[in-house]
Amino acid sequence: MNLRNNSISTLDVTDFMITRSFCQIDISYNRVESIVNSNNWTVDNKNNYGTGFYNGTYNQLKYLPDWNKIGFPNLISLNAMMYRGYDIRHNPIYCDCNLAQSLVFFSPILALIDRDYFYVKCNGPKALTGQKLRSFLEGNRITQLVCNYTGVTLCPSQCACVKEPRYSPKKFFNVILVTSITCNNSSLYRLPHILPESDEIEFRFNGSGIKELTNEHYLPRVTVLKLVSMPLFDKMALENLKNLKELSLPRKAQLNGIPKELSFLRPCVFLQEDNFVMNCTCSLKWMIEWLSLDVSSECQRNFEFKCLTKNNTEPARTYLQNIDCNVHTSDSIYLTLTSMCLALLVLLLFLTAAWKRKCEIRLLIRETKLGKLLRSRVTLDQDRVVFISFDGSNHCIHSFIFQKLEPFLVTNGFHVFIPSRDLAVGSVRSEEAAWQISVSRYYITFLSLSYLDEDVFETRSEWRYIWNGYLSDNRKELLVLNYDLLKPSDVPCSKMRAVLRAGNVVDFDAGENTIFSKIVKLFHTSSF
């Protein structure tokens, strides 16, 4: 059958898996991009499919088919292909992680039969161009078939993201896909919300401290966490980290030991790279029983938990058993003085906490009747003006403001002031912005990672005037759109932290309908 030099773009598996022998099906020099199974065909192992040769050269195939989806559910089903030839050379095969499973699944046939047309070569990426597909089945070369997501939306900023195939330890002729995220000196303080889909996930943070490990949908697939410090763990996050195989910390971060909340992990999880050396105190006594857990075979390394001593280190189990944790008191005067010191310490901590939360307290007082009486009744010259403050270098925010937010506000009867566009040419930006902020009634601030940067004077200056203007008149309204989903702990400015805790804030990922509804409610407009 000669079908060459046509414009065929899709080939169904039933087009060549016919139940009788044939001489040749020639579909070369077409535009076949994929092999499908539109009729849900499945190979019948009892049938003798006979012999034949399929010529699929010079088409547009980028990947081998998913054998399971086109009707070959297991290795035995491949017997139907043993006495036929399939030539797919001179196709633009792209050698990345999407190729790995199909290639490994087909490897038994490649091991038994050697034909010249099995020597298909990679057409990309550049580093692998010209290499034979079957060469990746030698040794552990299958791990070279990676998908690089660095620099795309699915990968956190300033991090490298690579999806790597590895042989499955549980199932022969199968691979698992492992996404490895490596962050060096990035400003990432919490786990990202979105990642490339994969079977397992490995995080390696170097120079960026994850302060709080919150629950994410992919945590059950996380197997490696290499951190620079021990974070606070969300309760739900702990419940989802059951499959963690490695949690590594640098020596400096090991000194305080392991929180008891991590006792559900086996000791070997912390001993994959080196000894774990701690300052052992009575608070770590619980580890004695934990360290006696049977160590699995994967943990048979020459590493162990150790306690720092005056001169050296000592195995933790021995050292902790010998610590004297009995409290010896001399007399009641000592206890009284101790109680007084503790009471004074509590008072100081309360005053310190109140001082740290002074901005939140000011926001709460602003909404009380007393706060409204204390506010001056300044006449607003521009009662329907909305002042929008944002980092002008963020093109996504810039596009949202001009294409969606401003038209919505104008439609609802507001005037919009955008500093980068509306400040007079040649004017002193900070002075002109300060005046405009003082006469505007409504403020919308886009909070992004760079908004309060030390290097960005304009937005920091705008925020200072917006804060003062908002507190000076109870008729003014402030809405913060949290573009980068920052938490109060991620923000260096105490005033912005206060707004995130006690002010009007909408996360940007809530969607434009939620954002616009909040504007309608807050700015007291009736049309939407």
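Numbers for residues simply follow the sequence, beginning at 1. If you're wondering where the values come from, they're calculated on a predicted model, not measured in any experiment.
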Given 3.5 Å as the limit, does a donor-acceptor pair link the side chain of [X] with the main chain of [Y], or not?
X	Y	result
Y443	I437	yes
K495	R464	no
D484	L486	no
E212	L232	no

key: Ionic contact status for K62 with E33, cut-off 4.0 Å   =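 No, this pair does not count.
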query = Is R251 paired with D274 through a side-chain N to carboxylate O contact shorter than 4.0 Å?
reply =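 So D274 pairs with R251 through a salt bridge.
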Heavy-atom side-chain proximity of [X] to [Y] below 4.5 angstrom:
X	Y	value
V222	E200	no
V224	L247	no
T459	L452	no
T445	M496	yes
K235	E261	no
S517	I515	no

task = Return the orientation label for the F203 and F205 ring planes: parallel under 30°, perpendicular over 60°, tilted otherwise.
result = parallel
Is the centre of the [X] ring less than 6.0 Å from the centre of the [Y] ring?
X	Y	value
F305	W290	yes
F387	F417	yes
Y442	F414	yes

task = Under the side-chain contact (heavy atoms from CB on, under 4.5 Å) rule, what do L238 and D234 come out as? Steps first, then yes or no, please.
result = CA-CA 6 Å; L238 289 172; D234 178 82; over 6 Å; no
ask   = In terms of side-chain heavy atoms, does S450 have a donor or acceptor partner in D391 at a distance below 3.5 Å?
value =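 A pair is found: one side chain offers a donor N or O, the other an acceptor, under 3.5 Å apart.
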query = R204 and S180: side chain to side chain donor-acceptor pair (under 3.5 Å), yes or no, with the steps?
reply = CA-CA 8 Å; R204 292 175 176 82; S180 178; 3.2 Å; yes
task = Verify the neighbour count for atom NZ of K285: are there more than 12 heavy atoms of other residues, nucleotides or ligands below 6.0 Å?
result = yes
